[in-house]
Amino acid sequence: MARFIEELKKSHGAGELRLAHQGEEVVLMGWVDTVRDLGGTQFIDLRDRSGICQVVLSSENLSADQLEIAKSFRQEFVVAVRGEVIARGGKPNPNLKTGEIEVTAKEVALLNRSKPMPFQIQDEVDTGEEIRLKYRFLDLRRAPLQRALLMRSKAALIAREHFAAEGFVEIETPVLTKSTPEGARDYLVPSRINKGKFFALPQSPQLFKQLLQVAGFERYFQICKCFRDEDLRADRQPEFTQIDLEMSFVTPDDIMTICDGMLKKMFKGILDVDIQTPIPRITYDEALTRYGVDNPDVRFEMELFDITADTMGSAFQVFSGPANGGGLVTGIVVTGGAKYSRKDVDGLTDFVKTYGAKGLAWLKRDDGSFSGPVSKFVDEALSAALLDKAGIKDGDIVLIVADMDPSVARTAAGRLRTHIAKKEGLVAPDQFGFTWVTEFPMFEKDAETGKLAAMHHPFTSPRPEDIALLGADPLKVKTRAYDIVLNGQEIGGGSIRIHNQEVQAEVFKALGIGDEEARIKFGFLLDALSFGAPPHGGLAFGFDRLVSIMSGLDSIRDVIAFPKTTRAGCLMTDAPSEVDEPQLKELGIKLI
RNA sequence: GGGGUGGUAGUUAAGUUGGUUAUAACGUCGGCCUGUCACGCCGAAGGCCGCGGGUUCGAGUCCCGUCCACCCCGCCA
């Protein structure tokens, strides 16, 4: 074994060998992917990061001692082989990139054994995620996960190259920082030296990157971990990675342009996909009107219609009630949807109910007439609206959501839109649809307390023309904020920030944050704004989401080397775990 | 916090109305095999049916609770 590694160095990746290497002596090291022992001749597929190559082990080329070692090879043993690349004696294997050749072993070594695998190391694996997460180091041997992490690495490199070329400075910000009660729940870290006090892990480096603008760096970026102690989803992990940037003396357009450039390079460099730039921009209001959501999937049409005005006189209370009561009557037309069974529509009804809709009204169009339980309510106004505004045609179904709360109707219809697109396969898997969504409202009303809350964050700059509205009609105030949306997922967001302490004070006031409270929570920021803060703004990409979409994977867990479960734990390390009493005592912490 | 799906050999699954010894495939182990490539053939081992109660003569199967994984709503400035 010492002969390999110390004297005989690995010369090639197993997956790199081609007919051009014919006749060369190579040294391969890697894992035994499969063993095919025919008795007198034994074939193994040797796998390393680069791929797979067939190795021939036979008595014709190996001594008895060596042959005995070869016979001991099992799946996932770590082995080394010295041998000659030859053209396949048998037929080529079209399933392997190295299928034209094989390596005739002249010397072999067993570098390490392996226990039997908990699951097979194959590209397509049907093993449950629970067992794969427990043995994550084995799951990561699989080619799809290797590809995803290699892609992630490449994407990070392209981002660094892009921002470096644009004059950005990469600066690290603290991981142990101050808890801020706004926003997501903080992960807290106790301080041994300051008993009873806690650091918080950053939800984002937001304030620090603004302070770096006050410091005069003008262009900052960082690829950094962020932490949020909230419930998990397929696209949400408690710790995740942002590509974070901030610039001075810029408009929203400047920032969007810089980000367009990064995305263009990434998609070209990694997927060889050309993104049309500038990426289209629509306002928040337009996104809601056309798609019902602020993260629209723009890869397909099926836009929402608004028939509120057309149903005011309807005899159907489900429509006329909301239509006359400040609500909304909206929906979508599914082309060819007349084929839907009652059961299909029931399923869609259950779907919209999860978003708070009371139900789903539907009408089918066939042979120039409407059918369905609601058809008896189709008066002239509704018929005209469905034909002209909604554009329903023979063979279609129209799905309508009406609600006294316009946002409930919009959200339900909007989610229904993407739900059906997925069901009907309206989007190709390798299709990418980008859009910017701009001019978000400054505030939204908290459903429980009725108080105003910052929609983005309280440092977001209102549109200059809306500053006067801050006191008078805050819900009308629009901001210089923008989200970048890809395939219906928010992959980044940012804004121009407030650089003027009077405006900042007004925003705090609108949020019901008093002077004293503001000073305690954000005193350092207000301080900084008072010492010549330049106009500035920025954005942060959700790096995990971006990579997961690029790699065509459904969950960001698949692009994170060691992800956590939906209960925010790690099945491999068993974190989080209990700690010893002395450790708690040292920190001055007592469990209740 | 709420809703849903699932949990049976190492892995993936089947398991009828509650009924004898809980099946299969892959993997593992042993044997045979010199051109296989998901090698093939023969044989063997391998089970806390997630966990805890309950109903019953009898529970993988029915009931209650609980844990875990995943998906969704709420939440995520």
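In what follows, chains are A, B, ... by sequence order, proteins preceding strands, each numbered from 1.
In the interface, the side chain of A:Glu130 is not paired with the base of B:G6 through any donor and acceptor atom under 3.5 Å apart. No hydrogens or angles were tested; on distance alone, nothing pairs the side chain of A:Arg233 with the base of B:C70 as donor and acceptor under 3.5 Å. Donor-acceptor pairing under 3.5 Å, judged by distance alone, is absent between the side chain of A:Gln75 and the base of B:U28. For a distance-only test at 3.5 Å, the side chain of A:Arg236 qualifies as a donor-acceptor partner of the base of B:C76.
Taking atom C1' in both B:G19 and B:C62, the straight-line distance is 14 Å, to the nearest Å. Rounded to a whole angstrom, the distance from the C1' atom of B:C71 to that of B:C29 is 40 Å. Between B:U8 and B:C49, the two C1' atoms lie 4 Å apart (nearest whole Å). B:C72 and B:G47 have their C1' atoms separated by 35 Å, with the value rounded to a whole Å. The C1' atoms of B:C39 and B:G27 are separated by 16 Å, rounded to the nearest whole Å.
In this structure, the CZ atom of A:Phe351 is 19 Å from the P atom of B:G3, given to the nearest Å. Rounded to whole angstrom, the span from the CZ atom of A:Arg47 across to the P atom of B:A38 amounts to 16 Å. When rounded to the nearest whole Å, the span between CD1 of A:Ile556 and P of B:C71 equals 10 Å. Distance CD1 (A:Ile131) to C1' (B:A9): 13 Å, rounded to an integer number of Å.
Remark: side-chain polar atoms of A:Ser50 are paired, donor with acceptor, to backbone N or O of A:Gly15 under 3.5 angstrom. Side chain of A:Thr479 to backbone of A:Phe440: a donor-acceptor contact under 3.5 angstrom is found.
When each of B:U11, B:C70, B:U36 is scored by its nearest atom to the side-chain atoms of A:Phe43, the top-ranked nucleotide is B:U36. Comparing atom distances between the A:Ala234 side chain and each of B:C71, B:C76, B:U12 picks out B:C71 as nearest. The side chain of A:Asp37 approaches B:C33 more closely than any other nucleotide in the set B:C33, B:C72, B:U11. In this structure, of B:C76, B:C37, B:C71, it is B:C76 that holds the atom nearest to the side chain of A:Glu230. Of all nucleotides listed (B:U34, B:C71, B:G1), B:G1 comes nearest to the side chain of A:Asp231. The side chain of A:Arg185 approaches B:C75 more closely than any other nucleotide in the set B:U36, B:C75, B:C72. The side chain of A:Gln54 lies closest to B:U36 when the candidates are B:A69, B:U34, B:U36. Distances were taken from every side-chain heavy atom of A:Thr127 (C-beta onward) to each of B:U11, B:C70, B:U36; the shortest belongs to B:U11. Distance from the side chain of A:Asn93 is smallest for B:A38 among the nucleotides B:A38, B:C33, B:G74.
The nucleotide B:G40 finds its pairing partner in B:C32, both defining distances of the Watson-Crick or G-U wobble pair being shorter than 3.5 Å. Partner assigned to B:C26 is B:G10, using Watson-Crick or G-U wobble distances below 3.5 angstrom. Of the nucleotides present, B:G54 is the one that pairs with B:C62 by Watson-Crick or G-U wobble criteria, both distances under 3.5 Å. The partner of B:C70 is B:G4, judged by Watson-Crick or G-U wobble contacts that both fall below 3.5 Å.
The side chain of A:Arg36 places no N or O atom within less than 4.0 Å of a non-bridging phosphate oxygen (OP1 or OP2) of B:U36. Contact check, A:Arg74 against B:C29: a side-chain N or O comes under 4.0 Å of OP1 or OP2. Not one side-chain nitrogen or oxygen of A:Arg132 sits closer than 4.0 Å to the OP1 or OP2 atom of B:C70. Look at A:Thr354 and you won't find any side-chain N or O under 4.0 angstrom from OP1 or OP2 of B:G3.
Applying the salt bridge (Lys or Arg N to Asp or Glu O under 4.0 Å) test between A:Glu76 and each of A:Lys115, A:Arg113, A:Arg141 identifies A:Arg141 as the sole match.
Residue ring and nucleobase are not stacked for A:Phe119 and B:U11 under a centre distance beneath 5.5 angstrom and an angle between planes beneath 30°.
Side-chain contact check for A:Asp483 versus A:Asn295: every heavy-atom pair is 4.5 Å or farther apart.
Ring planes of A:His457 and A:Phe459: tilted class, angle from 30 to 60°. Relative orientation of the A:His21 and A:His12 rings is perpendicular, given thresholds of 30° and 60° on the angle between their planes.
In terms of position along RNA chain B, the nucleotide closest to A:Arg567 lies nearer the 5' end than the nucleotide closest to the other residue of the pair A:Asp235 and A:Arg567.
Contact annotation for A:Ala453: no contact, since no heavy-atom pair falls under 4.0 Å across all strands.
Considering all non-hydrogen atoms of both residues, A:Ala413 and A:Leu304 come closest at CB-CD2, 3.9 Å.
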